[in-house]
Amino acid sequence: MANNEDLFKKIISHSKEYGFVFQSSEIYDGLAAVYDYGQYGVELKNNIKDHWWKAMVQYNENIVGVDSAIFMHPTIWKASGHVDAFNDPMIDNKDSKKRYRADVLIEDHIAKIEGKIQKEVTKAKKRFGETFDEAQFLSTNPRVLANKKKIEGIKNRLYPAMDNNDLEDIKLLIEELGVVCPFSGSKNWTDVRQFNLMFSTQMGSLSDDSDQIYLRPETAQGIFVNYLNIQKTGRMKIPFGIAQIGKAFRNEIVARQFIFRMREFEQMEMQFFVRPGEEMKWYEYWKEQRIKWHLSLGIPESKYRFHEHDKLAHYANAAADIEFEFPIGFKEIEGIHSRTDFDLEAHQKYTGRKIQYFDPEINKSYVPYVVETSLGLDRTFLAIISYAYTEERLEDGSERVVMKILPALAPIKAAVLPLVKKDGLPEKAREIMDFLKFDYLCQYDEKDAIGRRYRRQDAIGTPYCITIDHQTLEDNTVTIRERDSMGQERIAIENISGIISKKLRSVK
Ligand code: GAP
């Protein structure tokens, strides 16, 4: 794991050094778990949003978008269950003064036992070679069986305790398992307490409880409360979806993982409204569609896996995470939830308004069921930069760091580089820049030797470098260098735009 931790640190410092992500309020010593996106970060983020929006809204005729406000009527959060149930059980270590999510401490303990099982499998694979039957080994090896039993036992305690809000038993479990604080190594724990993750503030000039409002902890509710507006004005027929990209806020207890877990973050969510009873079909459909989308980012399948939930959120009857292998391990990047009619029913009840759909095909009115896809924009950003970050040793012995970001998502599409800063080359390069910039975000750079300029572009993931040299003045040709192969071709100036456009399309 040490290597992956190193890698994570390198990615964080590269992100800062090259203008992708900065700690928020850094000159005031920063604000925990809040980040700003710099000049290249904002471009990558916008490109991810655009890619998702197209896949959802543009390519699906039955999905439309919405942009709802962050501030919403406070009763919405009562109806959605967030006021009463959007809690995490927290526990503090008295020696390190660090705060943890109690359930995560126990889940990390389970992951350690799972790690032991995996080690047994790896060892046995080596020992038995080709003849190794993993399924048989997992169901018969005594050490594996004992560890599986341990895991079962822990889950059978943890999940009911979480469901029944039995905080004493969660604490007892932590003590019985001998869980230690990763910082101090001590078992000196406080009691477990519930902690609501919503940020609240006051609206208007009066500061009593009646004016308390919340910063939304998910974008989904902005979709639910606009269901009637959009269904009616858009004449939408079930099944249909509403998509939204926007900020969400959670007062996370554990917030030490860069942009993986933030207190202010962005979600890309889509609620798909379906006929009751058909939700499982659509749940499976969206699981398949969403993993295809992730693979379209140019990241191999081996970096993703599904994790079906044993313990369901208060609104769901089925739920799965798509997990990505971040440098900190496989972690959730997107949730796909079958939310039943929980939310619309609740808003119907709290508002007294009828939120129903008349289905002409079956001649019946009902409250639609919902399958949601909920993707974290910042986690997608982190997945892309983690996979893209590559250190390479070149043939001449030098080293380069290159961000192998899918060209269609790269912040800067092309760099325009006069070979030298004289002989009319900058003027010619400016001419090229002036027509290319209307099609692509390009960067003009004439400072330093050409090799250093290539390295700078590699470090921010620019897929194409256009170099203007003395031959350009003679025959109107330039070289185009491809980031990953570093191969160069000579092409006519008039073909640059078309060639870049073709290259960007061919990798989409
Ligand atoms: N509407 C359902 C919902 O919000 P969730 O699993 O709590 O479900 C969905 O969140 C996604 O939002 C997660 O898969 C993750 O990518 C992202 N997310 C959640 N909390 C986050 C945080 N504190 N920082 C960054 N991303 C977060």
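Given the structure is predicted, the values throughout are model-derived calculations rather than measurements. In listed order, ligands and their atoms are each counted from 1.
Gln58 meets the side chain to side chain contact (heavy atoms under 4.5 Å, CB included) test with Lys54; sequence neighbours excluded. By the side-chain hydrogen bond (donor to acceptor under 3.5 Å, both in side chains) test, Ser15 pairs with no residue at all, sequence neighbours left out.
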| said: Please evaluate residues Phe258 and Phe260 with respect to the criterion ring-ring contact (aromatic ring centres under 6.0 Å, His included), reporting the C-alpha separation (whole Å), side-chain torsions for both, the decisive distance (0.1 Å), and the verdict. | reply: CA-CA 6 Å; Phe258 189 43; Phe260 179 81; over 10 Å; no

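If you look at ligand 1, the protein residues with a non-hydrogen atom under 4.0 Å away are Glu218, Ala220, Arg250, Glu252, Phe260, Arg261, Met262, Phe265, Gln267, Glu269, Tyr315, Glu332, Ile333, Glu334, Gly335, His337, Arg339, Glu372, Ser374, Gly376, Arg379.
Note on ring orientation: taking the six-membered ring where Trp is involved, the planes of Trp286 and Phe272 are perpendicular (angle over 60°, cut-offs 30° and 60°).
Checked for salt-bridge contact, Asp169 and Arg157 meet the test: a charged N lies under 4.0 Å from a carboxylate O.
Residue pairs meeting the ring pair (Phe, Tyr, Trp, His ring centres under 6.0 Å) criterion with at least one partner in residues 163-189, sequence neighbours excluded, are Tyr100-Trp189.
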